[in-house]
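Quick notes on the structure that follows.
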Protein chains: 2
Amino acid sequence: MAKPHQSRAVIERIRPEVDGGRFPIKRVVGESVEVDVDVFGDGHDAVGCVLLHRQEGEAEWAETPLVHRVNDRWRASFEVTKIGRAEYTVLAWVDRFLSWVRDLKKRSATDPDIGVNLRIGAELVESASLRARGELATWLREKAAFLGGTAPTMERLATALDMELTERMAAHADRRYATKPGAAHGIVVDRPLARFSTWYELFPRSLGAAENRHGTFRDVIAQLPRIAGMGFDVLYLPPIHPIGTAFRKGKNNTTTAQPGDVGSPWGIGAKEGGHTAIHPELGTLADFHALVKAARSAGIDIALDIAYQCSPDHPWVKEHPNWFRQRPDGSIQYAENPPKKYQDIYPIDFESDDWQELWQAMAGVVKYWIAQGVTVFRVDNPHTKAFPFWEWMIGEVKLMHPEVIFLAEAFTRPKVMARLAKVGFTQSYTYFTWRNTKAELTEYLTELTQTELREFFRPNFWPNTPDILPEFLQWSGRPGFVSRLVLAATLTASYGIYGPVYELCVHQPVAPGKEEYLDSEKYQITRWTMGGPNDLSEFIARVNRIRRDNPALQSDRGLVFHPTDNPEIICYSKHDAASGNRVITVVNLDPRHVQSGWIDLDLAALELEAGRPYQMEDLLAGGHFLWHGGRNYVRLDPQVVPAHVFRARQHVRSERDFDYFL
Amino acid sequence: MAKPHQSRAVIERIRPEVDGGRFPIKRVVGESVEVDVDVFGDGHDAVGCVLLHRQEGEAEWAETPLVHRVNDRWRASFEVTKIGRAEYTVLAWVDRFLSWVRDLKKRSATDPDIGVNLRIGAELVESASLRARGELATWLREKAAFLGGTAPTMERLATALDMELTERMAAHADRRYATKPGAAHGIVVDRPLARFSTWYELFPRSLGAAENRHGTFRDVIAQLPRIAGMGFDVLYLPPIHPIGTAFRKGKNNTTTAQPGDVGSPWGIGAKEGGHTAIHPELGTLADFHALVKAARSAGIDIALDIAYQCSPDHPWVKEHPNWFRQRPDGSIQYAENPPKKYQDIYPIDFESDDWQELWQAMAGVVKYWIAQGVTVFRVDNPHTKAFPFWEWMIGEVKLMHPEVIFLAEAFTRPKVMARLAKVGFTQSYTYFTWRNTKAELTEYLTELTQTELREFFRPNFWPNTPDILPEFLQWSGRPGFVSRLVLAATLTASYGIYGPVYELCVHQPVAPGKEEYLDSEKYQITRWTMGGPNDLSEFIARVNRIRRDNPALQSDRGLVFHPTDNPEIICYSKHDAASGNRVITVVNLDPRHVQSGWIDLDLAALELEAGRPYQMEDLLAGGHFLWHGGRNYVRLDPQVVPAHVFRARQHVRSERDFDYFL
């Protein structure tokens, strides 16, 4: 389209973009993409430019006019309406007609050259008529004839400056020399659950009703009402596959299992099968189908764990020894992080010469479970597998199944985590688990929501996982479990907990200074009894209901931190402009003491009028308050509720709303 | 080289880069390029990476090891040694040998697997020996045999961990799966004058010794001692071509010339010729050659003006009417900015269908003057010509003549100016001309020297030009001319003045509120008489000598602003780490009043030890001072000298330097 030599318009700094367009941005259906771009030409000529966008594979681009804002920066938005992949780019050209109209307005009607100028315009309109069709072509041809004709100058000037002409000319601008960037920018468009999701993780085998009975999928089905009642919409299960016996780990991660030890679900593969088999004690494939179906009825997606690693008993080890790294003694290299050894685990060799068959087999695992009705996957340690594999596999899977969601369980260095999100992971685990102070939370959330990370990295906050009982929760007691849950649930649109240990405030580490749970369910079956003073189930249900009722909490855009004069009190808000929904959260980060202080709400950021009062409804504790101005006092007792979650409304009726007031 | 599927190393965010590598960075011979890059792999494996660089066109890359700094960010530097175009890129790979050595250090010598581990290393060394040649190959093969042999474990461990082995293995790392970015980043390597230059502009026709005699190239030759004496190394002449007579401008830019009016040199082209001809009254081509030669002897480069526009009398107008835009009445479109008309100027039509021949002709102008010995060009209004032309033309010219320097005279919007620098201009005019306050200067210089602009945009500061007598100079008197000169000369490594009006402090505008000179030399011949109380020649000579003596002033790197407690006093320093040269400039920005105040030197930025005194030599006024600590008092009287230019030295000998002191 563009002839580079005659293309005088310049396009620079398209935003959003990820690594110069190398990776797609992410959105969910119904979200808008707001694009900013520098566009300019040489000299004084006016430029025309449009934002082009389409679903990938479509032949035609949709166009949205870019609007100039300041300093040669233009903006336009469009909405993504279909899951899959979309793309956008920009087209710009030096627009002779626009320049002509702009200049004509500045010319004097008595300029002896005005006749020639009108004829120049007539030629531009005439040639646009050749690009137009049907009635519009005729209309333009008539205008051209009139402009170049013999009617009085003032009449021709009026015709030239008529907005209708400008608008119709814009539709047929001369784009012969338009500039277009090399490649369009991609967008992965996901279903809404990718943005707003509430996860619950449990070990099915701990759900056996009777002592010594291994829990099953049927037991999970029995738990669904409780889980749905708490407001969760994703139920994530650790690996459900046969567990190896070679080098099986014992209770509390001991290296030699005792008879009866159940082993770690992540030690995948045994004589019964590998990644596409089901651990016999959990049930049958039919049971699994029943679980998926029952969960769906309860509004819950079942999420499976994808852990690309094999126990020494995994069928692949025998069938495809070249998918693993061989040692000179003919044995297969187990996982290690010297001096630690994980002899129950064989890592995949991504440099294998047989990589093509290997990759197909690994993608086949995901495709198999999709065929069983699973569309959400939590991927174990993706940072220890090759990035090019993820980019290919996730792309390949989402081509046919764009509804699929992949959560990256990577707790590693920041750039590695970002890269995983770039290559395709839908959501990502984060450092939230270890961010406790006001400064840490503010800095981290600012990075997640204000930098380019927000275009491709969707955080999913977990206050605990089977691998991590954070130090804070070991000593904070119930108030700490409550405050961490409120933070996770209101800071980001996706969060999850590992239960029932979370609801029950279980806080014993395996040893002082360790973040492993004592008697971890990773290595043994545990019976849980719900209820009692520490059971947070009802509180969690309330928090998740608040999330569901308030659109502001369903997105990470619009997060703003507000100053407080007490370092133990954090205050932030989320604002959803479309619905006008505003949620202001205040949390006492100190689980041991009552804390009070002044907060300074940024009313402008909340689009609250400074001069008028506004109503604050405490969605957690109940109660309505009328606040005036930004500065307000709060006091939070961790033994009662360590947080306020307010909904702010300004449309409070007053006498001024009545006509006769004035 | 890279097989994307097995390439596990990631390369991101190479810096410097301009628009993702679309444009080259700029350096001069002898400067270093410090490259920062994110490199990482998946998992725990170590990565190896090198910076590759070469002169463009060379077959082999030179390699510099990248050194890890923090957070997966690596750095390496190299020096550019040859003018022309160079390039750099990064190569990274997951390094199995490095991982093996690192892990081996953490293993226990009594680990039953230690034997297998040593054999793994033996295999890695063996395969490296196949990539090596000659003696090194033999050496590696022997080491491999030893590692995999039967010698005592401790001896084999010692051999494995020997640094010599690691170093030699690094030279033959397994790069089969190395990752390399798509395209290398370019570097335009210029001669030193591109970075450090001191320009003087004058109108040759004003140099006629006798009244009513048109100045000539011979008169310019006569001026060379004066100009060289003031320390200038570039002498820039307005266009030297025949001047058109059609619509010639009269004195003070009146639209009708009177008999005898000489016209504007920018009205290029007459019956005597166009852009490759010489205005007969200036002399002959032989005279011009003599000027170029004499200037060179005086250490001065002659810079010509390239103004791609034509008077109606230019030969191109008749020979190539299709290089201009035709109007419907058959006339050619003159330049205009409605309602203003510039009927003496025909702009080039860059959308001409005959663009190829047109571009060749325009490049031919530059090539012609290069053949006459000119290697510096000041390009008039480049922002009104198409960017693709500049990119092509400058690239084309510098391919054969990498020594050529192009200064862009663009006073326009910031992104347009930046784009011109990106597409190839060596130096650029700036907004300095209108930046007067401490805040304005600090902000602007910070942008120029601390953002990515510094990689491709070389500022050239002009306190005045024939088009601009800034408002400040109209009322500031001699002190203002002095302070603006000191600022220009010490803030950036390249600056220039238009004289002799500058040395003589000429400050009459054509009308109040205008920035045009009264009786501008653009439209008439003016006789100048040097000397008198306002003649700044000697002062300028002193400032330019300071520039020549102090390497810190010859680069824009290392500029730091220091706080002062008086808004009229600005303080900044430049530091050249290689020579240890430090220059601290303090300027009173108020030309009317004595100003005094405290400055807080950032001693760390200057690499001055806080606990020891340092010597400050005032290079402008003379005198040595011993300062202690960062906080010092200054007082500047604009009627004496409104500035200090200090050289700071800390190696002041004291009794502590003697051995017997301790």
Side-chain angles (χ1 to χ4, degrees), chain A residues 4-8 10 12-13 19-21 38 40-44 71-73 94 102-108 111 113 115-117 119-120 122-123 148 177 327-329 331 333 336-339 341 347 350-352 355-356 359 382-389 392 413-416 419, chain B residues 4-8 10 12-13 19-21 38 40-44 71-73 94 102-108 111 113 115-117 119-120 122-123 148 177 327-329 331 333 336-339 341 347 350-352 355-356 359 382-389 392 413-416 419:
Chain A
H5 48 276
Q6 285 151 308
S7 292
R8 293 168 51 210
V10 171
E12 289 186 343
R13 223 159 55 89
D19 291 5
D38 290 344
F40 52 88
D42 63 86
H44 306 292
N71 194 12
D72 294 318
R73 197 131 183 91
V94 169
R102 181 202 58 196
D103 287 352
L104 197 67
K105 289 178 190 160
K106 301 183 207 157
R107 292 183 198 281
S108 156
D111 181 338
D113 275 354
V116 177
N117 280 314
R119 281 168 64 190
I120 290 172
E123 284 185 356
Y177 306 131
R327 305 206 299 181
D329 61 356
S331 65
Q333 180 63 60
E336 54 174 356
N337 190 7
K341 300 177 176 192
F350 283 82
E351 292 176 2
S352 166
W355 65 273
Q356 277 154 308
W359 286 21
H383 57 293
T384 61
K385 286 94 194 171
F387 300 103
F389 166 72
W392 170 80
R413 307 191 308 284
K415 285 164 190 173
V416 177
R419 182 78 179 190
Chain B
H5 49 275
Q6 285 151 308
S7 292
R8 292 168 51 209
V10 171
E12 289 186 343
R13 223 160 55 91
D19 292 4
D38 291 342
F40 52 88
D42 63 86
H44 305 293
N71 194 11
D72 293 317
R73 198 130 183 92
V94 169
R102 181 201 58 197
D103 288 352
L104 196 67
K105 289 178 190 160
K106 301 184 207 156
R107 292 184 198 280
S108 155
D111 182 336
D113 275 355
V116 177
N117 280 315
R119 282 168 64 190
I120 290 173
E123 284 186 357
Y177 306 131
R327 305 205 298 180
D329 62 355
S331 65
Q333 180 63 60
E336 55 174 354
N337 190 7
K341 300 179 177 191
F350 283 82
E351 292 175 3
S352 166
W355 64 273
Q356 277 154 309
W359 286 22
H383 57 292
T384 61
K385 285 94 194 171
F387 300 103
F389 165 73
W392 169 81
R413 307 192 308 282
K415 286 164 190 172
V416 177
R419 182 80 179 190

Under 4.5 Å to a heavy atom of chain A? For B/Gln356 that would be neither
Bottom line for B/Asp329: the part with an atom under 4.5 Å from chain A's heavy atoms is both
If one checks every heavy atom of A/Arg102 against chain B at 4.5 Å, the contacting part turns out to be neither
Honestly, the part of A/Lys341 sitting under 4.5 Å from a heavy atom of chain B is side chain
Bottom line for B/Lys385: the part with an atom under 4.5 Å from chain A's heavy atoms is backbone
When the 4.5 angstrom heavy-atom criterion is applied to B/Ser331 and chain A, the contacting part is neither
Under 4.5 Å to a heavy atom of chain A? For B/His383 that would be backbone
Checklist entry - What do the steps show when you test A/Lys415 against B/Val10 for side-chain contact (heavy atoms from CB on, under 4.5 Å), and what is the final call? => result CA-CA 10 Å; A/Lys415 285 164 190 173; B/Val10 171; over 6 Å; no
If one checks every heavy atom of B/Asn71 against chain A at 4.5 Å, the contacting part turns out to be both
Item checked: Side-chain donor or acceptor of A/Gln6 paired with backbone N/O of B/Glu351 under 3.5 Å -> yes
Which of A/His44, A/Lys106, A/Arg107 passes side chain to side chain donor-acceptor pair (under 3.5 Å) with B/Glu336? It is A/Arg107
message = With side-chain contact (heavy atoms from CB on, under 4.5 Å) as the criterion, how do B/Asp113 and A/Arg327 come out once you've worked through the C-alpha distance, each side chain's angles and the decisive distance to 0.1 Å?
response = CA-CA 11 Å; B/Asp113 275 355; A/Arg327 305 206 299 181; 3.4 Å; yes
- Any idea how B/Trp355 and A/His5 line up, ring-wise: parallel (<30°), tilted (30 to 60°), or perpendicular (>60°)? parallel
So, the part of B/Asp103 with a heavy atom under 4.5 Å from chain A: the answer is both
